[in-house]
Amino acid sequence: MQLEGKRVVVIGAGSGIGRSVAVAAAEAGAAVVIAGRKREPLEATAALLKDHREVRVLDASVEAQVAAFFDAVGPFDHLVSTASQGASGPLTAMGVEAIARAFASKLWAPIFLVKHAAPRIAQDGSLTFFSGFRAGRPAVGTSITSLVNGGLEAFTKAMAVELAPVRLNAISPGVVDSGSFWDRLGAEARDRLFADYASKAPARRVGRPEDLAAATLFAMTNPFLTGTVLSVDGGGLLM
């Protein structure tokens, strides 16, 4: 899974899985463009990389920013977007703002990224997006998260046909100990969720960012993989 001489764009590189993907791509020899909404965490990621990295602030849910971003970046080989925001709770009690944020992160952002990346990506390149296992395993209170993840997976497959031979794939993680994302629950609730998932998932543990980074590099570098959803969830769909 070597990326020598390749240019890789990582959206959501300021923390967690995105940071691990950026580090793994750099270690595989790529020149990496790291992007996200806040400069400070991006700079922290950049400090972990060797040479040949760029830092750019981007809100991928704003089309004008995405268009300007790719004008500045120019030609590249692979794009990965780990940007993610769901919406939890019963639909009858959910505000339209929360639903709109989930749509912006998981549907509008990928649409804008594909639209403006397509003219600049190498013909043997790839785009990899992150969905989530709730697309295939809904639960009470996950209706919008299930909807946007399922929509992103369908969009990825459709664009793999439309943009061929450029490849598009999606990574579908289960519960991953990726830092701040789960910290919002509080330590006790987070640890309880992790323990419950680890007790039920066939892999008997939660995921780690490096697990997802390895899968992402596989998706980027396998020239015969396209239109595929890779479930990297420790068997979460089998629980």
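Keep in mind that the numbers below use all heavy atoms, side chains included, and drop hydrogens, waters and symmetry copies.
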Using every non-hydrogen atom in the two residues, find where [X] and [Y] come nearest and quote the distance to one decimal.
X      : Y      : result
Val206 : Ala198 : N-CB, 4.2 Å
Val232 : Ala215 : CG2-CB, 3.6 Å
Ala72  : Arg56  : CB-NH1, 3.6 Å
His116 : Pro119 : O-CD, 3.5 Å
Ala83  : Lys106 : O-CE, 3.9 Å
Pro138 : Gly136 : CD-C, 3.6 Å

Short question: side chain of [X], backbone of [Y] - any donor-acceptor pair under 3.5 Å?
X      : Y      : result
Thr128 : Ala170 : no
Trp182 : Ala187 : no
Arg101 : Ala87  : no
Thr221 : Leu217 : yes
Thr142 : Ala139 : yes
Asp211 : Arg208 : yes
Arg190 : Leu185 : no

[X] [atom1] to [Y] [atom2] distance, which is reported to the nearest 0.5 Å:
X      : Y      : atom1 : atom2 : result
Leu238 : Arg137 : CG    : CZ    : 8.5 Å
Thr228 : Asn222 : OG1   : CG    : 9.0 Å
Gln123 : Asp77  : CD    : CG    : 11.5 Å
Ser131 : Glu153 : OG    : CD    : 3.5 Å
Met159 : Thr226 : CE    : OG1   : 11.0 Å

Are side-chain heavy atoms of [X] and [Y] found at a separation under 4.5 Å?
X      : Y      : result
Leu127 : Leu113 : no
Val9   : Val80  : no
Tyr197 : Asp233 : yes
Thr82  : Ile11  : no
Pro173 : Phe130 : yes
Glu63  : Lys115 : yes
Arg7   : Val73  : yes
Val62  : Phe112 : no

Side-chain ion pair, [X] and [Y], N-O less than 4.0 Å:
X      : Y      : answer
Arg37  : Asp59  : yes
Asp196 : Arg192 : no
Glu43  : Arg39  : yes

Check whether [X] and [Y] end up in the same hydrophobic cluster, where Ile, Leu, Val, Met, Phe, Trp and Tyr are linked by side-chain heavy atoms less than 4.5 Å apart.
X      : Y      : answer
Leu79  : Trp108 : yes
Phe133 : Leu152 : no
Phe76  : Leu58  : yes
Val10  : Leu168 : no
Ile17  : Leu230 : yes

Can you say whether the rings of Phe155 and Phe129 are parallel (under 30°), tilted (30 to 60°) or perpendicular (over 60°)?
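Ring orientation, 0 to 90° scale: tilted.
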Do you see a donor-acceptor pair shorter than 3.5 Å between the side chains of Glu210 and Ser20?
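No - no donor-acceptor pair under 3.5 Å links their side chains.
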Is it true that Thr145 and Arg134 share a donor-acceptor pair across their side chains at a distance under 3.5 Å?
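Looking only at side-chain atoms, Thr145 and Arg134 do not form any donor-acceptor pair under 3.5 Å.
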Chi angles and distances behind the side chain to side chain contact (heavy atoms under 4.5 Å, CB included) call for Val21, Leu212
CA-CA 8 Å; Val21 170; Leu212 281 301; 5.9 Å; no
Provide the full list of side-chain hydrogen bond (donor to acceptor under 3.5 Å, both in side chains) pairs with a residue in residues 162-177, sequence neighbours left out, each pair given once.
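Checked against side-chain hydrogen bond (donor to acceptor under 3.5 Å, both in side chains) - neighbours excluded - no pair reaches residues 162-177.
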In a table with atom names and distances, give each donor-acceptor pair under 3.5 Å that connects a side chain of residues 22-35 to protein atoms at least two apart or in another chain.
none

Begin from the C-alpha positions of Lys38 and Val57 and carry the test side chain to side chain contact (heavy atoms under 4.5 Å, CB included) through to its verdict.
CA-CA 6 Å; Lys38 297 180 180 179; Val57 176; over 6 Å; no
